[in-house]
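The structure appears right after this line, and notes come after that.
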Amino acid sequence: MASNSELFERAARVIPGGVNSPVRAFRAVGGTPRFIARGEGAYIVDAEGKRYIDYIGSWGPMILGHGHPAVLEAVQRAAIEGFSFGAPTEREIELAEEILKLVPSMDQVRLVSSGTEATMSAIRLARGATGRHKFIKFEGCYHGHTDALLVKAGSGLATFGHPTSAGVTPGAAADTVVLEYNNVEQLEAAFAEAGHELACVIIEPIAGNMNFVRASLPFMTALRRLCTQHGALLVLDEVMTGFRVGLGSAQAHYARLIPGFAPDISTFGKVIGGGMPLAAFGAKREVMQHLAPQGGVYQAGTLSGNPVATACGLATLREIQKPGFFESLSAKTRQLVDGLKAVAAENGVPFSADSEGGMFGFFLLPELPQNYTTVMTTDKERFNRFFHAMLDAGIYLAPALYEAGFVSAAHSAADIDATLAAARTALR
Ligand code: HOZ
């Protein structure tokens with residue numbers, strides 16, 4: 001049996017940095033990434049046979065835990081029928097119908113293979129539909145790795161201290177306007193100056209790539225009002241929050257608090273694929289009609305609407321609609337977050353934490369931060385010590401303080417208790 005470090009050394013010879021996505025490399029926290037051999041419900045088991053309670057859940061998708069029987073069965077059946085046809089299938093319609101039933105801000109949805117594709121296509125669609133070039137994004141929000149969006153982004157870029165990626169040309173980023181998250185004044189000023197040139201504003205409604213930072217109600221209200229006033233489209237990036245913070249996603253949460261609130265375009269990923277490469281973007285019919293083959297905005301993909309991925313997504317979406325699913329998931333996640341706060345208070349450690357549905361975040365800061373600059377003031381050394389002590393105790397948290405965490409339906413009360421018991425020693 002090869003150890004994690006042997007596998008990492010071997011991987012580094014053939015894969016840059018030994019990983020296929022940078023945050024997996026443990027660079028922010030140091031040490032050796034765990035090579036995962038298998039997942040079972042709320043747990044993952046590494047190459048050395050050590051079991052962990054998994055709070056990453058593949059960075060969001062595994063809302064039912066690993067190897068849910070209904071999902072497994074649907075995937076196995078679909079795989080036998082065929083892996084990929086590059087032609088339409090009935091299951092794509094079923095998945096689109098299921099998504100649209102749960103997200104009333106959209107009439108139509110286009111299936112793609114990754115969150116990056118979804119956000120990239122949403123920006124192109126907004127530009128094509130409005131005939132404008134510029135768009136606003138917010139510092140610390142990560143919308144995938146397309147050039148124009150890799151400016152002052154969170155997640156892996158924050159981890160490595162390069163908020164804007166090398167290789168993004170000034171031309172590619174020239175129409176990207178970056179503003180501070182939750183800063184209404186800055187937003188008003190930007191619209192006053194360039195509102196007529198803006199195709200859209202893209203935002204993570206709960207930013208999960210600078211840990212967990214909610215858009216405040218005044219900020220979201222201003223955003224909706226300004227977009228409408230100036231003819232810019234509001235793009236909610238729900239790749240992370242979609243079907244994860246609640247059945248109607250983050251937009252339903254804001255719609256409950258802000259009368260009439262709805263985005264113009266939404267992007268989804270992660271949960272809608274249940275762990276398979278599947279994502280989507282959607283909007284009202286008048287916006288979506290700009291997409292090829294009806295309209296002039298081109299977008300395509302060989303594996304888009306893949307039959308195995310749609311089976312996985314569909315089975316997952318059906319499970320999360322069962323009565324009481326989100327009530328139970330939210331309660332468990334709150335139990336974890338409240339427990340961590342209590343442990344930190346016992347240990348006299350400055351700590352704040354928040355959750356919505358099955359998504360959570362915590363900071364070694366006395367108050368929840370409202371923007372990226374404040375997130376960056378977190379005590380990194382203490383976070384890294386905490387991370388490693390938890391890992392040793394069999395608790396698998398995100399290996400960077402800029403990432404949100406995820407609880408699944410498979411996590412039990414005993415798992416949460418075990419996590420809090422480990423935190424009692426680790427959080428010092
Ligand atoms: N974009 C993810 C972090 N927010 C990382 C994905 C991965 O490494 O799997």
Side-chain angles (χ1 to χ4, degrees), residues 60 63 99-106 136-138 140-141 143 179-188 191 200-230 232-268 270-271 282-284 320-321 324-334 337-338 341 352-363 367-372 374-375 404-407:
I63 193 163
I99 295 171
L100 296 173
K101 185 178 87 186
L102 298 170
V103 186
S105 69
M106 311 191 295
I136 290 176
K137 80 173 282 291
F138 299 98
C141 285
H143 305 288
L179 302 180
E180 189 175 70
Y181 200 75
N182 277 332
N183 186 331
V184 176
E185 259 172 48
Q186 224 182 61
L187 189 66
E188 300 263 11
F191 267 95
C200 66
V201 178
I202 185 165
I203 183 169
E204 289 182 82
I206 299 173
N209 288 288
M210 49 174 161
N211 202 319
F212 184 106
V213 183
R214 288 172 192 268
S216 73
L217 292 186
F219 186 64
M220 204 55 121
T221 307
L223 201 49
R224 180 61 278 177
R225 173 177 50 81
L226 288 164
C227 282
T228 305
Q229 269 171 14
H230 293 263
L233 301 178
L234 175 56
V235 183
L236 276 208
D237 178 353
E238 298 233 47
V239 168
M240 215 172 233
T241 52
F243 309 102
R244 171 46 88 172
V245 299
L247 203 46
S249 305
Q251 52 194 275
H253 171 76
Y254 282 95
R256 275 192 293 276
L257 302 167
I258 305 169
F261 178 85
D264 298 303
I265 302 179
S266 304
T267 64
F268 296 95
K270 302 197 189 264
V271 170
K284 290 288 183 210
I320 68 171
Q321 291 177 67
F325 180 90
F326 271 101
E327 286 78 1
S328 152
L329 183 65
S330 307
K332 250 186 298 193
T333 312
R334 262 197 308 272
V337 159
D338 291 346
K341 283 198 239 180
S352 53
D354 197 1
S355 72
E356 191 65 46
M359 178 170 167
F360 69 93
F362 63 86
F363 297 92
E367 307 279 337
L368 286 172
Q370 294 302 303
N371 56 44
Y372 182 71
T374 318
V375 170
F406 302 95
V407 175

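Just so you know, these numbers use all the heavy atoms, side chains as well, and skip hydrogens, waters and symmetry mates.
- For Glu356, the salt bridge (charged side-chain N to carboxylate O under 4.0 Å, His left out) partners are Arg214, not counting sequence neighbours.
- Evaluation of the ring pair (Phe, Tyr, Trp, His ring centres under 6.0 Å) rule for Phe326 yields no partner, not counting sequence neighbours.
- Among residues two or more places apart in sequence or in another chain, the side chain to side chain contact (heavy atoms under 4.5 Å, CB included) test is passed with Ala215 by Tyr181, Asn182, Ile203, Phe219, Met220, Tyr254.
- Partners of Arg225 according to the side-chain hydrogen bond (donor to acceptor under 3.5 Å, both in side chains) rule, which considers only residues two or more places apart in sequence or in another chain, are Glu188.
- For Arg224, the side-chain hydrogen bond (donor to acceptor under 3.5 Å, both in side chains) partners two or more places apart in sequence, or in a different chain, are Thr228, Asp264.
- If you take CZ on Phe261 and CG on Leu234, they are separated by 5.5 Å, rounding to the nearest 0.5 Å.
- Every residue two or more places apart in sequence or in another chain that forms a side chain to side chain contact (heavy atoms under 4.5 Å, CB included) with Leu102 is listed here: Phe243, Leu247, Gln321.
- With sequence neighbours left out, Phe362 forms a ring pair (Phe, Tyr, Trp, His ring centres under 6.0 Å) with Phe351, Phe386.
- Shown here are the side chain to side chain contact (heavy atoms under 4.5 Å, CB included) partners of Leu368, two or more places apart in sequence or in another chain: Ser352, Asp354, Phe363.
- Under the rule for a side-chain hydrogen bond (donor to acceptor under 3.5 Å, both in side chains), the partners of Thr374 that lie at least two apart in sequence or sit in another chain are Asn371.
- Every residue meeting the side-chain hydrogen bond (donor to acceptor under 3.5 Å, both in side chains) condition with Ser266, not counting sequence neighbours, appears here in chain and number order: Gln251.
- Note on residues 248-261: no pairs pass salt bridge (Lys or Arg N to Asp or Glu O under 4.0 Å), not counting sequence neighbours.
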